[in-house]
Amino acid sequence: MSTSSDIARVEVRVDQPLNLPLTLESGQAFRWHEADGVWSGFIRGELVTLERTDDGLSVQCSVPAVPGIQDAVQRYFRLDDDLPAIYEELCKDERLSEAIHQHWGLRILRQEPWECLTAFICSQNSNIPRIAKMQESLANDLGQTYTLGGIQRQGFPTPEALASAGEETLRTLALGYRAKYVAKTAEIVASGGLDLYTLRETSYDEAKATLMELPGVGAKVADCVLLFALDKLEAVPIDRWVRRAFEEWYLDGEELPYDKLLAWAHQTFNPNAGYAQQYLFFRRRQAKDKSLT
DNA sequence: ATTTGACCTGACTAT
DNA sequence: GGGTTCAGGTCAAAT
């Protein structure tokens with residue numbers, strides 16, 4: 001039973017644009033819960049709550065986690081990215097200017113690689129509510145319990161936990177055919193066959209090739225993990241929406257394979273291609289019912 | 001080298 | 001309730 005003395009509150013100053021609900025529900029991360037303006041979720045494996053304040057974020061966490069929590073929050077929201085400068089550069093493009101003004105304060109997150117990898121293996125042929133449901137099922141059945149004040153949540157399961165659960169168990173958690181991919185990838189990571197954190201230090205191309213050796217990881221899933229967890233802002237996950245945005249808005253309807261689109265995006269938007277992708281994704285998605293061109 | 005179809009299941013939207 | 005559905009793809013087999 002935890003008491004209030006187990007909890008610390010830390011203020012994190014935010015001088016950058018940050019739309020908290022938009023960022024946490026943007027389909028990068030799938031395990032943030034909101035109640036009365038308080039968000040609960042995990043940062044660096046610790047259960048925390050977040051609230052937006054006038055000049056930043058008010059963070060609650062358990063006392064043993066306090067050292068470094070400020071730094072962890074800043075890193076999670078990539079507050080070291082100078083978003084106004086990125087906006088200024090990207091706003092030279094008319095579509096991006098629209099997208100940015102509509103979704104001001106949407107940030108790219110720096111997530112934990114293992115959870116992010118699992119989430120996007122599960123994302124294929126699925127939709128955001130369902131991905132969230134799968135992630136929650138995995139945590140509820142196979143994760144460790146954390147409490148913070150009156151909040152109780154399960155942490156995301158380790159590679160070891162998912163590997164020992166096995167494909168059949170994962171199928172009972174409604175992962176469908178993705179169960180095999182998650183189980184096999186978990187085995188590889190748990191057995192030390194791949195250290196995801198070292199991929200932060202390697203080049204985009206090398207890290208991507210390594211990820212794509214994993215079962216269930218193709219170019220798109222790899223780019224998601226590279227962008228949302230592995231510090232590769234040149235990664236451009238090209239899903240249905242981003243593909244439509246590129247082809248309809250920039251390429252006169254021409255259809256191109258993934259790698260051609262990626263090369264075009266790099267040429268057009270680097271060094272901020274990842275941010276460009278994130279804003280165009282939202283802009284195109286929003287336009288789906290309005291027949292905007 | 002490119003194209004095609006199977007794949008699990010829940011959400012969604014229009015009959 | 002169902003469905004020539006659709007959903008932030010991947011893989012292996014067949015051109």
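Every chain is numbered from 1, with letters handed out A, B, ... down the list of sequences. Predicted model only: the values in this text are computed from it and were never measured.
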Take atom [atom1] of [X] and atom [atom2] of [N], then tell me their distance rounded to the nearest Å.
X      : N     : atom1 : atom2 : result
A/M134 : B/dC8 : CE    : C1'   : 9 Å
A/I121 : B/dC8 : CD1   : C1'   : 16 Å
A/Q277 : C/dG8 : CD    : P     : 13 Å
A/R244 : C/dA7 : CZ    : C1'   : 10 Å
A/R171 : B/dT9 : CZ    : P     : 7 Å
A/R178 : C/dA7 : CZ    : P     : 14 Å
A/I128 : C/dC6 : CD1   : P     : 18 Å
A/L106 : C/dG8 : CG    : C1'   : 14 Å

Between A/F156 and A/F30, does the ring centroid distance fall short of 6.0 Å?
no

Within the 6.0 Å centroid threshold, strictly below: A/F269 and A/Y250:
yes

If the condition is side chain to side chain donor-acceptor pair (under 3.5 Å), which residues does A/T145 pass it with, not counting sequence neighbours?
A/Q154

If the condition is side chain to side chain donor-acceptor pair (under 3.5 Å), which residues does A/E112 pass it with, not counting sequence neighbours?
A/Y197

What nucleotide among C/dG8, B/dT9, B/dA11 has an atom nearest to a side-chain atom of A/R130?
B/dT9

Less than 4.0 Å between a side-chain N and a carboxylate O, is that true for [Y] and [X]?
X      : Y      : result
A/E255 : A/K260 : no
A/R9   : A/E51  : yes
A/D231 : A/R78  : yes
A/D239 : A/R284 : no

When we call it a touch if two heavy atoms are under 4.0 Å apart, what does [X] touch: a base, just sugar-phosphate, or nothing?
X      : answer
A/F228 : base
A/T172 : nothing
A/I131 : nothing

Spacing of the [atom1] atoms in [M] and [N] (rounded, Å):
N     : M      : atom1 : value
C/dA7 : C/dG3  : C1'   : 14 Å
C/dG2 : B/dG10 : P     : 16 Å
C/dT5 : B/dG5  : P     : 13 Å
B/dT4 : C/dG8  : P     : 23 Å

With A/H103, which of A/Y279, A/Y87, A/F282 fulfils ring pair (Phe, Tyr, Trp, His ring centres under 6.0 Å)?
A/F282

How would nucleotides 9-15 of chain C be written as a contact map, 5' to 3', with B for base contact, S for sugar-phosphate-only contact and - for no contact, using protein heavy atoms under 4.0 Å?
BSS----

Does A/E88 have any salt bridge (Lys or Arg N to Asp or Glu O under 4.0 Å) partners at least two apart in sequence or in another chain, and if so, which?
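Partners of A/E88 by the salt bridge (Lys or Arg N to Asp or Glu O under 4.0 Å) criterion come out as none, since no residue qualifies.
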
For atom CG of A/D195, decide whether the heavy atoms of other residues, nucleotides or ligands shown that lie under 6.0 angstrom number more than 12.
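Yes, CG of A/D195 has more than 12 neighbouring heavy atoms, counting only those of other groups under 6.0 Å.
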
Which residue, A/E34, A/Q152, A/Q60, A/R153, forms the side-chain hydrogen bond (donor to acceptor under 3.5 Å, both in side chains) with A/S40?
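Only match with A/S40 under side-chain hydrogen bond (donor to acceptor under 3.5 Å, both in side chains): A/R153.
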
Between the protein and nucleotides 2-5 of chain B, list the N/O to N/O atom pairs that are separated by less than 3.5 angstrom.
none

Where each pair must be Watson-Crick or G-U wobble with both distances under 3.5 Å, what dot-bracket representation of DNA chain B is obtained, with crossing pairs in [ ] and other-strand partners as |?
|||||||.||||...

